[in-house]
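See below for the structure under consideration.
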Amino acid sequence: MNFYKNTLLICNDSEFILNKFDFTKIYQKYNFKDKKMNKNSYIVNVKCTNCGKEFNADQKNGLCTSCGKVLYPRYDLEKAKETLSKQNIQNRKVYNIWRLHEIMPVKEDKHRITLGEGWTPNVKLNNFGAKLNLNDVYIKDEGQNPTGTFKSRGLCAAVSKALELGVQDFVMPSAGNAGAALSAYTAHAGVKAHIFVPKDTPELIQKEIKRMGGELTLIEGLISDAGRVAKEEGIKNNWFSVSTLKEPYRVEGKKTMGTELAEQFDWTLPDMIIYPTGGGTGIVGMWKAFEEMETLGLIGSERPKMVSVQPTGCQPIVRAFNNGDKFATPWENAQSFASGIRVPGAIGDYLILNAVRDSNGTAVAVDDTEIKDAMYSFAKTEGIMVCPEAAATVAATEKLTNEGFIDKNDSVVLFITGSGLTTPNDW
Ligand SMILES: *Cc1c(COP(=O)(O)O)cnc(C)c1O
């Protein structure tokens, strides 16, 4: 019996109990050093997603110096193909974001730090499914990551690669969760983090950042305001910015949500992915993963419909999608208690919109009351407490089912981007 199959956790399935308590397997997840493996990275360069300009991956990169848009790492996938067979991958004992090291940017094993992020479970939602008359609904529970949100994947990758390039001081604006993750990985690596957050960031997250040694600055206003100050201070002090999509490697950490999903579903993909969208790295990272996996021969050309969910009080992507725009105009007077998706303007807007459109997906807004109701009802229905951003996917699933966008037999995966335990004041 293959372990990867059993990570698709089906509630009431006795196999799940057996495997959950197989301590050798749990140990393996954290047994990062797998000496037998030759751990190459086949990164070639980083390339602008807009103008195509290429940059050396052995230097520090930010946005494209030519057009100001987002850079993506590119890999020699023909070379990577030699070792990335399905069988070879399934035999691997590394259950974190470095599992497919060939298509990750870090070259030397000593720079691949980990706190055990990734390889999160897929849980089938029988009760929620029954309530909506859907037969095949799952969550991917990113709340089980270190620091309780999927942000740990991206920051793990970005900090690791920056360490390889000699960075000692990091800077970022954050709505909170990214700051907590940055603080965790920089503490673990013994380097410094300078984090700028809106003044209304939950107290627990502020404490988390400070207790893990991050230097925290509170900013009057929104994440965009924090972004301006972080940029200024970063330039002044020569700190390396790991702001969303403004360096090329956070997206690589998020990409692993896509590669894992395919492997956990036995090299198929669901019909639909529902994702709460702020800066959009989650959606675009998975989209990149699918493209690379197709080239590697691991999946076919089918793609899930990508559904972007935003709060009614801040829905620039939904508006741009509905207007048929290539880029999204920043949202005015952004408001929502789901602060991780209260992002007025995203630098990767065109990448999000492309993924949603190319996949025949959609973009949908849900209001704060619907989000709050979904948090409470989902906890009762499934025994899982989710953060507001994640609850937005629950509310969106209800909405899209009622509107007929989701069919009864569609396989649907909701991304639970964070645990409800990270937002104690919302309960
Ligand atoms: C940051 C964040 C999001 C938004 O993710 P993006 O990939 O930046 O769009 C969603 N949920 C939570 C919990 C977050 O912290």
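Counting from 1, the numbers follow the sequence of the chain as shown. Both ligands and their constituent atoms are indexed starting at 1 by order of listing. Side-chain atoms are counted along with the backbone in the values below, which use heavy atoms only and exclude waters and symmetry mates.
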Considering only heavy atoms from C-beta outward, does the side chain of Met104 approach that of Thr256 to under 4.5 Å?
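Yes; the side chains approach each other to less than 4.5 Å.
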
Is any side-chain heavy atom of His101 closer than 4.5 Å to one of Arg112?
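Arg112 reaches His101 side chain to side chain.
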
Do the numbers put Lys231 on top of the ring of Phe196, so that NZ or CZ is under 6.0 Å from the six-membered ring centre and no more than 45° off the axis?
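The answer is no; the distance or angle limit is not met.
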
Does Phe55 have Lys47 sitting over its ring (NZ/CZ under 6.0 Å from centre, angle to axis within 45°)?
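No, Lys47 and Phe55 do not form such a contact.
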
Ligand-side contact atoms (ligand 1) for residue partner [X], heavy atom cut-off under 4.0 Å:
{"X": "Gly279", "value": "6 (P), 8 (O), 9 (O)"}
{"X": "Thr277", "value": "9 (O)"}
{"X": "Gly278", "value": "4 (C), 6 (P), 9 (O)"}
{"X": "Glu389", "value": "10 (C), 11 (N), 12 (C), 13 (C)"}
{"X": "Cys387", "value": "13 (C)"}
{"X": "Gly340", "value": "1 (C), 2 (C), 3 (C), 4 (C)"}
{"X": "Asn177", "value": "13 (C), 14 (C), 15 (O)"}

Check whether Thr312 reaches the backbone of Val366 with its side chain - one donor and one acceptor, N or O, closer than 3.5 Å.
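Side chain of Thr312 to backbone of Val366, a donor-acceptor pair under 3.5 Å: yes, one is there.
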
Using 30° and 60° as the class boundaries, would you call the ring planes of Tyr376 and Trp427 parallel, tilted or perpendicular?
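The rings of Tyr376 and Trp427 sit tilted, inter-plane angle from 30° to 60°.
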
Can you label the angle between the Phe378 ring and the Phe128 ring as parallel, tilted or perpendicular, going by 30° and 60°?
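Because their plane-to-plane angle is over 60°, the rings of Phe378 and Phe128 count as perpendicular.
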
Any N or O of Thr281 that comes nearer than 3.5 Å to an N or O of ligand 1?
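Among all N and O atoms of Thr281, at least one is under 3.5 Å from an N or O of ligand 1.
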
Is there a polar contact, in the sense of an N or O pair closer than 3.5 Å, between Gly280 and ligand 1?
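Min N/O separation from ligand 1 is below 3.5 Å for Gly280.
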
How far is [atom] from its nearest protein heavy atom, and which residue and atom is that?
{"atom": "atom 7 (O) of ligand 1", "answer": "Gly282 N, 2.8 Å"}
{"atom": "atom 1 (C) of ligand 1", "answer": "Lys151 NZ, 1.3 Å"}
{"atom": "atom 12 (C) of ligand 1", "answer": "Thr417 OG1, 3.4 Å"}

Contact check, Phe150 vs ligand 1, heavy-atom distance below 4.0 Å:
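Within the 4.0 Å threshold, so yes.
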
Under a plain distance cut-off of 3.5 Å, with no hydrogens placed, do Gln59 and Asn56 share a side-chain donor-acceptor pair?
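Asn56 vs Gln59: no donor-acceptor pair found between side chains.
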
For a salt bridge (Lys or Arg N to Asp or Glu O under 4.0 Å) check, start with the C-alpha distance between Lys192 and Asp169, then their side-chain angles and the critical distance, and finish with the verdict.
CA-CA 5 Å; Lys192 288 212 173 63; Asp169 281 273; 5.4 Å; no

